[in-house]
Amino acid sequence: MREGEKLTVNNQPCIVLNGVAKKYRSGRYVLRQIDLEVPQGCVCGIVGTAGAGKTTLVRLLAGLIRPTKGKVCIFDQNITPDNPAYRQLASFILNDSTFYSRLKVKELLQWMHRLYRHWDEKRCYSLIQGLDISLGKKIKQLPHEQKVWLSVIIALSARSKLIVLDGPTKRFSPAEKMDMLKLLSQDVINHGTTVVFTTHSEQELQEIADYGFRLEGGQLLPCELKRGFRNEAWV
Ligand SMILES: Nc1ncnc2c1ncn2[C@@H]1O[C@H](COP(=O)(O)OP(=O)(O)OP(=O)(O)O)[C@@H](O)[C@H]1O
C-alpha cells in the first residue's frame, strides 16, 4: 500500500480514519499514517504482534487519547476525548477493563438500563440466563471470562451499532471464544452491527473476519482472507 492511500472496503463507513498518526510524549511514532474506512455490518479484524499499536488504535477510536495528526470519525462524528456523543452508538471492550467492581451484576445492569436509550431488557436477561451469570454476585467476584461476557452482553443489550474488542478473549478456551464470536456474528447479521477486534493470531483473523488488516511498522496493511465470518454452519 502506498503512503496516504485509503483502504476503502465499502461505501458506507462506520469508522473513518484519515491520516492518523500517534506519538506518545515519551517516544517514537507508534502509528504513522493510518487511512481506513470500515463499513457498517461487518467484522473487521486487526492482527499485530505485541507492541504493534493495536491498543493505541482502539484508544483513539474510543476517544481516550487524541491523534498527533489526522482525524478519527465514527458514524460521521469527529472523535476526541471531549466528544462523547457517539457513546450511545459504540461499545469498547478493552483488555484491562476492571469496571464498576464493587457493584453487583444486577445493579450494574440497572445502571446500564438507565444509561442507554435503546436498552433491550428482555435480550439482556435472556443472555445472562443462558450464560449462567449470577445477578447477586459483585463484579469483582466474577472470573475474568464472565466479566468479558458481561461486557459483551451489555454491548448487545445497549444495541450498540459498533462493538470494539481489544484482545479480551486472550485467556478464553477456543470453544468459549467461538461461542462469543457466534453470538456477535448473529448481531452482525440480524442488526447490521459492526464488530472490530484485535488479535495476535492470524488464524483467528482468518476464521472470523470479513475484512482483515495487519498493523506493522505503524501502518495498516490489508490481509487476504480465505473465508469470512459468516460461515453457513454458524448461523
Ligand atoms: N501511554 C504510553 N506512553 C508511552 N508509550 C506508550 C504508551 N502506551 C503505549 N505505549 C507504547 O506504544 C507501543 C504500542 O503499544 P500498544 O499497547 O498500542 O501495542 P499493542 O499492539 O496493543 O500491544 P499488545 O498486543 O502487547 O497489547 C508500545 O511500544 C508501547 O510501549
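For ligands, and for the atoms within them, numbers begin at 1 and follow the listed sequence.
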Fill in: From I46 atom CD1 to F197 atom CZ, the distance as rounded to the nearest 0.5 Å
9.0 Å

Discussion item. Please report the interatomic distance SG(C42) to OH(Y211), rounded to the nearest 0.5 Å.
Written reply: 6.0 Å

Discussion item. Considering both backbone and side-chain atoms of K54, is one of its nitrogen or oxygen atoms within less than 3.5 Å of a nitrogen or oxygen in ligand 1?
Written reply: yes

Worksheet, complete the sentence: Distance col, row I34:CD1 vs L60:CG, nearest 0.5 angstrom, shows 9.5 Å

Practice prompt. Any chance you could measure C124, atom SG, to R159, atom CZ, to the nearest 0.5 Å?
Written response: 11.0 Å

Fill in: Stacked cation flag K122 on Y125, 6.0 angstrom / 45 deg
no

Worksheet item: If you count the atoms of ligand 1 from 1 in the order shown, which ones are under 4.0 Å from a heavy atom of T49?
Response: 21 (O)

Item to complete: Indicate, as side chain, backbone, both or neither, the part of H200 found under 4.0 angstrom from ligand 1 when only non-hydrogen atoms are considered.
Response: side chain

Worksheet, complete the sentence: Note: R28, heavy atoms under 4.0 Å from ligand 1, region reported as side chain

Worksheet item: Less than 3.5 Å between some nitrogen or oxygen of G53 and one of ligand 1, yes or no?
Response: yes

Fill in: Verdict with reasoning, I93 to I163, per side chain to side chain contact (heavy atoms under 4.5 Å, CB included)
CA-CA 8 Å; I93 301 168; I163 301 177; 4.0 Å; yes

Practice prompt. Answer yes if the side chains of S157 and D120 hold a donor-acceptor pair under 3.5 Å, and no otherwise.
Written response: no

Worksheet entry | Side-chain (T194) to main-chain (L162) donor-acceptor, under 3.5 angstrom | no

Practice prompt. For the residue pair H118 and Q88, confirm or rule out a side-chain donor-acceptor distance under 3.5 Å.
Written response: no

Practice prompt. For the pair S173 (side chain) and E176 (backbone), establish whether a donor and an acceptor sit closer than 3.5 Å, ignoring hydrogens and angles.
Written response: yes

Discussion item. Taking distance alone, with N or O pairs closer than 3.5 Å, would you say G48 contacts ligand 1?
Written reply: no

Worksheet item: Heavy-atom distance from atom 31 (O) of ligand 1 to the protein below 4.0 Å?
Response: no

Worksheet item: Where on T198 is there a heavy atom closer than 4.0 Å to ligand 1, on the side chain, on the backbone, on both, or on neither?
Response: neither

Fill in: Within-cutoff protein neighbour (heavy atom, under 4.0 Å) for atom 2 (C) of ligand 1
yes

Fill in: Heavy-atom nearest neighbour in the protein, as seen from atom 14 (C) of ligand 1, with distance rounded to 0.1 Å
G51 O, 3.3 Å

Practice prompt. Identify, for atom 16 (P) of ligand 1, the protein heavy atom at the shortest distance, and state residue, atom and that distance.
Written response: T56 OG1, 3.8 Å

Discussion item. Checking contacts here: is it the side chain or the backbone of A50 that comes within 4.0 Å of ligand 1, counting heavy atoms only? Could be both or neither.
Written reply: both

Item to complete: Identify the protein heavy atom lying closest to atom 5 (N) of ligand 1, giving its residue, its atom name and the separation to 0.1 Å.
Response: Y24 CD1, 3.4 Å

Worksheet, complete the sentence: for atom 12 (O) of ligand 1, nearest protein heavy atom and its distance come out as V30 CG2, 3.3 Å

Response to the item:
Ranked by distance from atom 17 (O) of ligand 1, the top protein heavy atom is T55 CB, 3.6 Å

